[in-house]
Each structure stands twice: as C-alpha cells, then as structure tokens.
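Working notes, structure below.
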Amino acid sequence: MKKSILYLPTSIFILFNGCSWNELFVVKNNSDKSVIISYKIEPLQKSGFAIFDTSPTSYHLNKRGNINWEKQINVTDTDTSQFNLTITLPPKSALIFGRLNNDTYKSHDQYFINGRHFNFIRMEIKKENEVITIVKEQFDNFFKKVKGEIIFDSF
C-alpha cells in the first residue's frame with residue numbers, strides 16, 4: 001500500500017505532462033552566410049493565443065542540419081515596432097518564430113483548438129542578392145512539415 005502511494009504523484013505527473021506537445025515554426029539557414037529575416041505578425045486578438053510571437057529563439061544546427069538544443073544563439077530584433085521583427089540569422093542556424101501547442105498543424109487556414117490564432121502576415125528572407133517574400137495565403141507553399149517542425153529550408 002505504501003508503494004502505491006509513493007508512485008501515485010509520479011503517475012499523475014507523467015499523465016499530465018505526457019499529453020503535451022509543440023509543433024515549431026522554423027527558418028533554417030544551412031548556408032555559410034547570414035540571412036536577414038523580417039516578418040510581421042498581427043496583434044493578439046481579444047481572446048485566444050497567438051502562434052507567432054515577438055520573442056523568437058535561435059539555435060545552431062548540428063552536422064545533420066537539425067536544431068542543436070544545447071547551443072542557443074542570442075538574436076536581436078533590430079526593428080523598433082512591436083509587431084514587425086527583423087533578425088540577422090547566422091550561418092548554420094535556425095530561427096524558431098512560432099509554436100503551436102497541443103494541436104497538429106495542417107495548413108494556415110485550418111481551425112485551431114484552444115483559441116489559437118494564426119497571426120502571421122508576411123515574411124521576407126534576404127540572402128545576398130535574393131529576396132524571398134512569403135505572405136499568409138502562400139505560407140504552405142514555402143513551409144513544409146517535417147517531424148513536428150514546420151520548416152522553411154531552401155538555403
């Protein structure tokens with residue numbers, strides 16, 4: 001009986017933690033040169049949760065091109081407006097600019113549970129003499145889902 005009581009808190013913890021997952025929205029820079037990423041998001045609605053926020057994170061990529069969770073990079077937003085962000089992404093790194101919690105991403109215009117809001121408006125990715133412009137309606141033409149990450153990876 002005492003053993004059962006000891007295992008009960010652990011079982012409850014696993015039960016509630018094991019059900020949660022994130023799908024990440026990521027731009028990967030596999031090239032040897034920095035790229036400039038500028039994107040605009042909508043302000044949060046009166047209720048619900050934004051998928052894209054104003055606090056992106058960045059990590060180095062490992063040799064396979066996957067995110068190295070042990071090597072976070074400090075990136076700075078050089079745009080001074082609240083819902084426009086401009087970030088210089090170093091070579092061999094990834095920018096995580098959005099998260100979808102406890103839902104499965106299918107397309108930008110799907111119904112999202114728990115009041116999630118696809119608040120992406122536009123993104124520009126500048127690499128040397130090339131500029132790629134992505135608008136909300138074309139988001140799924142550029143970003144592809146791979147193992148729980150919705151990735152733009154063309155460098």
Side-chain angles (χ1 to χ4, degrees), residues 16-155:
F16 288 110
N17 268 350
C19 299
S20 183
W21 76 92
N22 290 317
E23 292 194 341
L24 305 174
F25 291 83
V26 181
V27 175
K28 288 186 177 180
N29 179 8
N30 283 306
S31 75
D32 293 325
K33 299 198 178 201
S34 293
V35 296
I36 298 172
I37 301 170
S38 300
Y39 65 98
K40 182 176 184 176
I41 59 175
E42 296 173 353
L44 183 60
Q45 302 297 313
K46 291 181 181 179
S47 64
F49 304 94
I51 291 174
F52 304 97
D53 60 34
T54 57
S55 301
T57 55
S58 186
Y59 293 87
H60 286 286
L61 297 175
N62 63 25
K63 291 180 182 180
R64 292 183 177 172
N66 297 319
I67 296 172
N68 184 342
W69 296 107
E70 296 175 4
K71 293 190 177 182
Q72 187 170 358
I73 302 168
N74 289 327
V75 292
T76 304
D77 175 18
T78 57
D79 191 312
T80 58
S81 59
Q82 185 176 2
F83 297 104
N84 292 312
L85 292 96
T86 300
I87 293 160
T88 301
L89 186 62
K92 308 292 185 206
S93 62
L95 178 74
I96 300 170
F97 67 103
R99 286 175 175 73
L100 180 60
N101 303 93
N102 301 324
D103 201 351
T104 301
Y105 183 79
K106 296 176 190 87
S107 69
H108 74 279
D109 57 357
Q110 77 183 61
Y111 170 78
F112 294 98
I113 64 170
N114 299 329
R116 298 282 179 226
H117 179 64
F118 193 89
N119 59 320
F120 178 92
I121 295 175
R122 157 188 199 95
M123 178 179 279
E124 284 188 352
I125 302 171
K126 298 175 187 173
K127 179 187 170 193
E128 295 179 320
N129 297 328
E130 182 181 5
V131 177
I132 299 166
T133 302
I134 304 166
V135 294
K136 183 177 190 172
E137 294 76 22
Q138 297 174 332
F139 186 88
D140 298 317
N141 295 335
F142 292 90
F143 285 85
K144 303 299 178 194
K145 187 171 176 178
V146 180
K147 298 179 184 175
E149 295 176 355
I150 298 82
I151 301 172
F152 177 84
D153 184 10
S154 73
F155 304 115

Report task. Begin with the C-alpha distance, continue with both residues' side-chain angles, and end with the deciding distance and a verdict on side-chain contact (heavy atoms from CB on, under 4.5 Å) for Y59 and K71. Result -> CA-CA 6 Å; Y59 293 87; K71 293 190 177 182; 5.8 Å; no
Query - Verdict with supporting geometry, Q72 and T57, side-chain contact (heavy atoms from CB on, under 4.5 Å) - result: CA-CA 8 Å; Q72 187 170 358; T57 55; 3.8 Å; yes
Query raised in the report: Do K126 and V131 pass the side-chain contact (heavy atoms from CB on, under 4.5 Å) test, and can you show the C-alpha distance, the side-chain angles, and the key distance before you say yes or no?
Result: CA-CA 5 Å; K126 298 175 187 173; V131 177; 3.8 Å; yes
Requested in this report: Starting from the C-alpha separation in whole Å, work towards a yes-or-no answer on side-chain hydrogen bond (donor to acceptor under 3.5 Å, both in side chains) for N102 and S20.
Outcome: CA-CA 6 Å; N102 301 324; S20 183; 3.2 Å; yes
Report task. Please assess I36 against I125 for the test side-chain contact (heavy atoms from CB on, under 4.5 Å), listing each intermediate value before the final yes or no. Result -> CA-CA 6 Å; I36 298 172; I125 302 171; over 6 Å; no
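A distance of 7.0 Å separates CD1 of I132 from CZ of F142, quoted to the nearest 0.5 Å. To the nearest 0.5 Å, atoms CG (L100) and OH (Y105) are separated by 9.0 Å. Distance check: H108 NE2 to I134 CD1 gives 12.5 Å after rounding to the nearest 0.5 Å. With values rounded to the nearest 0.5 angstrom, I96 atom CD1 is found 9.5 Å from K28 atom NZ. Expressed to the nearest 0.5 Å, how far NZ of K106 lies from NZ of K145 amounts to 7.5 Å.
Summarising the geometry of Q138 relative to T133, their closest heavy-atom pair is OE1-O, 4.5 Å, with the distance given to 0.1 Å. The heavy-atom pair separating Q110 from T104 by the smallest distance is NE2-O, 3.0 Å. Nearest heavy-atom pair, N62 versus R64, reported as atom, atom and distance to 0.1 Å: OD1-N, 2.9 Å. Shortest non-hydrogen contact noted between A50 and N119 is CB-ND2, 3.4 Å. Of all heavy-atom pairs spanning A94 and V26, the tightest one is CB-CG1, 3.8 Å.
The aromatic rings of F143 and F97 sit tilted, their planes meeting at an angle between 30° and 60°.
Side-chain N/O atoms of H117 and E42 include a donor and acceptor closer than 3.5 Å. Judged purely by distance below 3.5 Å, without hydrogens or angles, the side chains of N68 and H60 never pair a donor atom with an acceptor atom. No side-chain N or O of Y39 forms a donor-acceptor pair with one of D79 less than 3.5 Å apart. Side-chain atoms of D53 and S55 include no donor-acceptor pair closer than 3.5 Å.
Two residues are said to be in side-chain contact when any heavy atoms from C-beta on lie closer than 4.5 Å; K127 and S31 meet this criterion. Contact check for W21 versus E23: side-chain heavy atoms found under the 4.5 Å cut-off. Two residues are said to be in side-chain contact when any heavy atoms from C-beta on lie closer than 4.5 Å; N29 and L95 fail this criterion. Counting heavy atoms from C-beta on, the side chains of R116 and N101 come closer than 4.5 Å. The shortest distance between side-chain heavy atoms of I41 and I121 does not fall below 4.5 Å.
With respect to the salt-bridge test (charged N to carboxylate O, under 4.0 angstrom), the residues E124 and R122 qualify. Contact check on E128 versus K33 returns a salt bridge, with a Lys/Arg side-chain nitrogen under 4.0 Å from an Asp/Glu carboxylate oxygen.
Centroid-to-centroid, the aromatic rings of F112 and F49 stay 6.0 Å apart or farther. For F25 and F120, the gap between ring centers reaches or exceeds 6.0 Å.
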Distance-only donor-acceptor hits, side chain of residues 84-92, under 3.5 Å, sequence neighbours excluded:
from: N84; atom 1: ND2; to: S81; atom 2: OG; distance (Å): 3.1
from: T86; atom 1: OG1; to: S38; atom 2: OG; distance (Å): 3.2
from: K92; atom 1: NZ; to: N30; atom 2: O; distance (Å): 2.6
from: K92; atom 1: NZ; to: D32; atom 2: OD1; distance (Å): 3.4

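Evaluated for a side-chain contact (heavy atoms from CB on, under 4.5 Å) with D103, the options N22, I113, N114 yield exactly one hit, I113.
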